[in-house]
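The chains referred to below are lettered A, B, ... by the order of the sequence lines, with proteins before strands, and numbering in each begins at 1.
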Amino acid sequence: METKLCMNDVVLSSASEIFETMMFMSIRGCDDSECEIEGNELIGSITFKGDKLEGALFIKAIEQSCGKIAAAMLGLDSPDEVGKTEISDALGEICNMVMGSVKARIIAEFGDFHVSIPSVVSGKLLETSINEKCDKTVIKAMVDEEFGIEFTIFYRLV
Amino acid sequence: MAKKILLVDDSATMRKIIMKTIRMADVGVEEIKEAGNGEEALEQLSQGIVDVMLCDVNMPGMNGLELVKKVRENDAYASMKILMVSTESADDLIENVKKDGANDYVTKPFTPEKISAKLAPLLS
């Protein structure tokens, strides 16, 4: 249970760091009823594997929200100026940076681990799962008090 | 004198973000060339040397560390500075990257101030 609580804080703190530094956007943990993710969704994913810990991080938001994030990353005034490839790339890069920040926060406890190259998929009613028996922590959050985003981390001790 | 940079990252979007940050950092960069992977970077360098190569560590195909080793094998690029870019901040990785020939290392996420602090000394 302690590890689950720790992961929740670690992921949310890491996401806050990335969103505030790269996009100047605030992020706040919230409950299910506040964070609605409905529509055409994007999920970014990245895996990690080390001697003590392995798993995967997923970030889910609707395409429109990802457009706003990408526009903020690129310093553009409107999400209308951002193409689909840029939106997908931006979400992948956010996965990469959040995972990098998570790694920096837990490396002392769990040792070094390899992080994969991120990938992004789109669709409707997407759900995240992995076959291996892992602990799962889901963190729902509001970005700029405007739209919801979901972080899911699967992990297991090796 | 006009300074030139080669930016190597497999994500075109990330290259745009880094270019925006470098412009905001205002460190006197005149030209930024781009490469999407290690092979493209070597091709770009064969057409003309730059002052600093900014290179992502994690790339598909030839990764950043392999590219640095290849570049440092060529005496023609001995004067070129290399700044590695990555989300990872493990001390071992940073030490290895510098041992392989990179001059410095900057972790993402970064602000114009952070990029300036790393890039300006390499350009001067």
Heavy-atom closest pair, residues [X] and [Y]:
{"X": "M73(A)", "Y": "K20(B)", "value": "O-NZ, 2.9 Å"}
{"X": "D89(A)", "Y": "S11(B)", "value": "OD2-OG, 3.5 Å"}
{"X": "E88(B)", "Y": "V115(A)", "value": "OE2-CB, 3.9 Å"}

Over 12 foreign heavy atoms within 6.0 Å of [atom1], [X]:
{"X": "K33(B)", "atom1": "NZ", "answer": "yes"}
{"X": "Q64(A)", "atom1": "CD", "answer": "no"}
{"X": "E20(A)", "atom1": "CD", "answer": "yes"}
{"X": "D31(A)", "atom1": "CG", "answer": "yes"}
{"X": "E145(A)", "atom1": "CD", "answer": "yes"}
{"X": "K70(B)", "atom1": "NZ", "answer": "no"}

With a 4.5 Å cut-off on heavy-atom pairs, point out which of T21(B), T87(B), N58(B) contacts chain A the most.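 Max contact count across the listed options: T87(B).
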
Top residue by heavy-atom pair count (under 4.5 Å) with chain A, among M59(B), M19(B), K108(B)?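 Looking at each option in turn, the highest pair count goes to K108(B).
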
At a heavy-atom separation under 4.5 Å, does [X] approach chain B through its side chain, its backbone, both, or neither?
{"X": "L74(A)", "answer": "both"}
{"X": "A72(A)", "answer": "backbone"}
{"X": "V82(A)", "answer": "neither"}
{"X": "E86(A)", "answer": "both"}
{"X": "T85(A)", "answer": "backbone"}

So do the side chains of N96(A) and M14(B) get within less than 4.5 Å of each other, counting heavy atoms only?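 When only atoms from C-beta onward are counted, M14(B) and N96(A) do not touch, as no gap falls below 4.5 Å.
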
Same hydrophobic cluster for [X] and [Y], using side-chain heavy-atom links shorter than 4.5 Å among ILVMFWY?
{"X": "L54(B)", "Y": "M22(A)", "value": "yes"}
{"X": "L122(B)", "Y": "I32(B)", "value": "yes"}
{"X": "M25(A)", "Y": "L42(A)", "value": "yes"}

By a 4.5 Å heavy-atom criterion (distance strictly below it), what part of M24(B) contacts chain A: side chain, backbone, both, or neither?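 M24(B) has no heavy atom closer than 4.5 Å to chain A.
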
Going from OG1 on T107(B) to CE on M97(A), what distance comes out if it is rounded to the nearest 0.5 angstrom?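 The distance works out to 11.0 Å.
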
